[in-house]
Colleague: 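Pasting in a structure now, in structure tokens, and then I'll have a few things to ask.
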Amino acid sequence: MKNFGFGFMRLPFQGDQVDIQLVKRMVDTFMENGFTYFDTAYKYCRGLSEPALKAALVDRYPRESYVLTTKLSNEFMRSKEEQEQVFEDQLNRLGCEYFDYYLLHNQGAVNYKVSLELDSFEFVKQKKAEGKIRHIGISFHDKAELLDEILTAHPEIEVVQLQINYLDWDNESIQSRKCYEVARKHQKPVIVMEPIKGGTLVNLPEKAERLFRSYNPAASNASWALRFAASHEGVMMVLSGMNNMEQLEDNIRTMKGFCPMTEEETQLCAQAAQIIQGALTIPCTGCGYCTVQCPKHIPIPEYFALFQHGYMTTQMVYYYNLTQTHPKAGDCIGCRQCEKHCPQHIEITRHLKEISEKFDGFQGWR
């Protein structure tokens with residue numbers, strides 16, 4: 001099994017339906033080049049991802065010719081019985097008798113509690129015993145300390161799916177490096193999601209792009225991101241959510257003849273990350289001075305770090321997990337104590353209001 005997987009989270013659409021003919025061509029090209037790993041989830045593409053994968057892959061290729069991963073999205077569930085219903089629905093939607101990998105989806109401060117309440121870990125262990133799951137794991141969006149707690153409590157977990165890319169590698173909100181190190185400590189193979197951070201690492205500031213081009217004019221921006229993720233020891237798979245043939249073909253060129261990064265190339269990625277951070281709309285350096293006198297104890301630098309990278313679902317997930325143990329951005333009372341202490345002279349209260357308007361509405365998802 002090669003180390004590049006097709007993520008079915010960002011599929012091409014025609015109107016409100018998946019462009020299934022294009023997806024079939026993409027799947028065919030992917031398979032023809034020797035790649036066999038496919039990743040989906042119950043709620044991807046408004047519930048259309050799993051049926052699309054059935055139509056493009058499962059109905060057209062022998063079951064033993066590919067590796068199929070999906071996930072139990074239990075955040076909306078209220079009973080153990082719902083897990084059984086959803087699991088059987090997934091088998092039907094995908095038209096298969098078993099899953100190669102089955103992950104508890106988006107484990108973090110919120111969903112881990114749900115998984116404990118619903119005995120989700122026992123549920124997937126039972127399904128593995130029944131032969132309906134070959135390997136069980138989790139996808140994770142939260143702090144390394146919690147990941148360590150989960151992996152310690154549940155040694156039955158066989159794989160961990162983490163958000164890893166060179167921009168988030170040392171980001172204290174995402175903690176890519178720290179989470180990776182925890183997975184390695186527990187000797188769990190890592191599946192990488194968001195290696196290109198939803199396209200952020202394709203559409204680079206001009207200075208960052210020049211940096212890469214000066215070293216290798218032929219390498220695409222995406223190739224740098226994929227190679228960074230895949231070059232770490234213990235990474236068994238790097239996923240890419242592709243929605244056109246150009247993206248697919250570029251990624252295949254990178255991963256088919258995969259060459260691990262040199263130390264010099266890794267340092268270039270670190271330099272590019274600094275450039276990207278410098279081009280972001282909020283010039284926060286994460287010094288934390290703003291939090292010292294905050295009467296509401298809002299984790300301002302962490303919220304800024306998430307908000308910098310756009311209104312993505314994964315950003316909202318990290319935000320929501322943080323609000324389980326910290327005040328929300330909307331709890332700001334506008335006293336401006338933070339701004340008095342900010343060395344960068346940032347209009348913090350204005351940005352907190354913007355963050356609240358974008359992210360606090362997400363609180364109603366459970």
Side-chain angles (χ1 to χ4, degrees), residues 9-10 43 46 75-76 106 108-114 140-146 163 165 167-176 178 194 196-205 208 273-366:
M9 187 172 73
R10 296 184 176 94
K43 64 181 183 180
R46 307 190 307 274
E75 65 264 33
F76 299 107
N106 185 23
V110 179
N111 285 354
Y112 182 48
K113 293 178 183 177
V114 176
F140 186 81
H141 287 287
D142 212 320
K143 297 300 179 68
E145 184 179 3
L146 178 58
Q163 178 169 323
N165 57 68
L167 185 58
D168 290 331
W169 189 239
D170 289 313
N171 184 310
E172 272 304 304
S173 294
I174 308 296
Q175 295 193 348
S176 283
K178 291 181 178 179
E194 298 290 356
I196 306 175
K197 200 170 176 67
T200 298
L201 302 185
V202 172
N203 303 307
L204 298 177
Q274 292 180 337
I275 293 168
I276 297 165
Q277 290 286 357
L280 297 173
T281 56
I282 307 175
C284 176
T285 62
C287 70
Y289 292 177
C290 56
T291 64
V292 176
Q293 296 295 325
C294 176
K296 293 294 184 178
H297 306 292
I298 297 170
I300 298 166
E302 293 183 88
Y303 289 165
F304 280 2
L306 293 175
F307 189 62
Q308 298 280 24
H309 303 301
Y311 191 45
M312 296 167 54
T313 300
T314 53
Q315 307 303 99
M316 292 189 289
V317 168
Y318 279 108
Y319 176 82
Y320 189 36
N321 284 330
L322 275 171
T323 63
Q324 302 310 296
T325 52
H326 297 83
K328 302 188 299 294
D331 291 330
C332 172
I333 60 175
C335 68
R336 301 185 186 276
Q337 287 295 318
C338 53
E339 296 179 5
K340 295 178 182 178
H341 297 276
C342 177
Q344 310 304 320
H345 308 291
I346 298 169
E347 296 180 70
I348 296 173
T349 54
R350 177 171 66 83
H351 289 305
L352 286 176
K353 183 177 179 180
E354 293 172 349
I355 293 170
S356 177
E357 290 172 350
K358 289 288 188 181
F359 288 173
D360 284 344
F362 190 58
Q363 304 300 313
W365 72 301
R366 175 164 172 80

Colleague: For the residue pair Pro301 and Thr291, what are the closest heavy atoms and their distance?
Modeller: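 Answer, listing the atom of Pro301 first, then Thr291: CD-CG2, 3.6 Å.
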Colleague: Measure up the Phe359 and Phe307 rings against each other and bin them: parallel (under 30°), tilted (30 to 60°), perpendicular (over 60°).
Modeller: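 Answer is perpendicular, since the angle exceeds 60°.
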Colleague: Which pair of heavy atoms, one from Thr349 and one from Gly334, lies closest together, and at what distance?
Modeller: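 Shortest heavy-atom separation between Thr349 and Gly334 comes out as CG2-CA, 4.2 Å.
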Colleague: Could you tell me the separation between the NE2 atom of His141 and the CG atom of Leu146, rounded to the nearest 0.5 Å?
Modeller: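 That separation rounds to 13.0 Å.
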Colleague: For the atom pair CG (Asn171) and NZ (Lys178), what is the distance rounded to the nearest 0.5 Å?
Modeller: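 One finds 10.5 Å between CG of Asn171 and NZ of Lys178.
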Colleague: Nearest 0.5 Å please: distance from the SG atom of Cys338 over to the CD1 atom of Ile300.
Modeller: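 Output value for this atom pair is 4.5 Å.
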Colleague: Thinking salt bridges, do Lys358 and Glu354 make one under a 4.0 Å N-O criterion?
Modeller: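 A salt bridge is absent here (no side-chain N lies under 4.0 Å from a carboxylate O).
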Colleague: Which heavy atom in Glu302 sits nearest to a heavy atom in Ser173, and how many Å separate them?
Modeller: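 Here Glu302 and Ser173 meet closest at O-OG, 3.0 Å.
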Colleague: Apply the test side-chain contact (heavy atoms from CB on, under 4.5 Å) to residues His341 and Gln293: give CA-CA distance (whole Å), side-chain angles for both, the deciding distance (0.1 Å), then the verdict.
Modeller: CA-CA 8 Å; His341 297 276; Gln293 296 295 325; 3.2 Å; yes
Colleague: Could you check whether atom CD of Glu145 has more than 12 heavy atoms from other residues, nucleotides or ligands sitting under 6.0 Å from it?
Modeller: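 For Glu145, atom CD is not crowded (no more than 12 foreign heavy atoms under 6.0 Å).
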Colleague: Heavy atoms only: give me the nearest Ile333-Pro295 pair and the separation to one decimal.
Modeller: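 The pair with the smallest heavy-atom distance is CD1-CG, 3.9 Å.
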Colleague: Side chains of Asn106 and Phe140, heavy atoms from C-beta outward: is any pair under 4.5 Å?
Modeller: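 With C-beta onward as the side chain, the pair stays apart.
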Colleague: Shortest non-hydrogen contact from Ala279 to Pro205?
Modeller: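 Closest approach of Ala279 to Pro205: CB-CG, 3.8 Å.
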Colleague: Quick one, Tyr319 with Asp360, criterion side-chain hydrogen bond (donor to acceptor under 3.5 Å, both in side chains). Give me CA distance, side-chain angles, the key distance, then yes/no.
Modeller: CA-CA 9 Å; Tyr319 176 82; Asp360 284 344; 2.4 Å; yes
Colleague: Quick one: pull up CD in Gln324 and CG in Leu322 and give me the separation to the nearest 0.5 Å.
Modeller: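 Rounded to the nearest 0.5 Å, the CD-CG separation comes out at 9.5 Å.
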Colleague: Check whether any side-chain heavy atom of Leu204 lies under 4.5 Å from a side-chain heavy atom of Ile275, and answer yes or no.
Modeller: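 Counting from C-beta outward, Leu204 and Ile275 never come under 4.5 Å.
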Colleague: Within the structure provided, determine whether Glu75 and Val110 are in side-chain contact (heavy-atom separation under 4.5 Å).
Modeller: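 SC-SC contact between Glu75 and Val110 ruled out.
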Colleague: Just verifying a value: how many Å separate His351 NE2 and Cys284 SG, rounded to the nearest 0.5 Å?
Modeller: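 Rounded to the nearest 0.5 Å, the NE2-SG separation comes to 9.5 Å.
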Colleague: About how many Å separate CG of Leu167 and CD1 of Ile276, when rounded to the nearest 0.5 Å?
Modeller: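 So the gap between those two atoms works out to 5.0 Å.
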Colleague: Using every non-hydrogen atom in the two residues, find where Trp169 and Ser176 come nearest and quote the distance to one decimal.
Modeller: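 Shortest heavy-atom separation between Trp169 and Ser176 comes out as CA-CB, 3.7 Å.
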Colleague: Would you confirm whether Gln175, through its side chain, and Ala144, through its main-chain N or O, come within 3.5 Å as a donor-acceptor pair?
Modeller: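 Yes, because the side chain of Gln175 sits within donor-acceptor range (under 3.5 Å) of the backbone of Ala144.
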Colleague: Is the side chain of Asn321 donor-acceptor paired with the backbone N or O of Tyr318 at a distance under 3.5 Å, no angle test?
Modeller: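 Checked: no pair found.
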Colleague: So if I apply the side-chain contact (heavy atoms from CB on, under 4.5 Å) rule between Lys328 and each of Leu352, Ile298, Ile355, Thr323, which one comes out positive?
Modeller: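 Going through the options one by one, the only one that passes is Thr323.
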Colleague: Check this for me, if you would: do Glu339 and Arg336 make a salt bridge, where the nitrogen-to-carboxylate-oxygen distance has to be below 4.0 angstrom?
Modeller: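 A salt bridge links Glu339 with Arg336.
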Colleague: Is the closest basic N to carboxylate O distance between Arg10 and Glu194 below 4.0 Å?
Modeller: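 A salt bridge is present here (some side-chain N lies under 4.0 Å from a carboxylate O).
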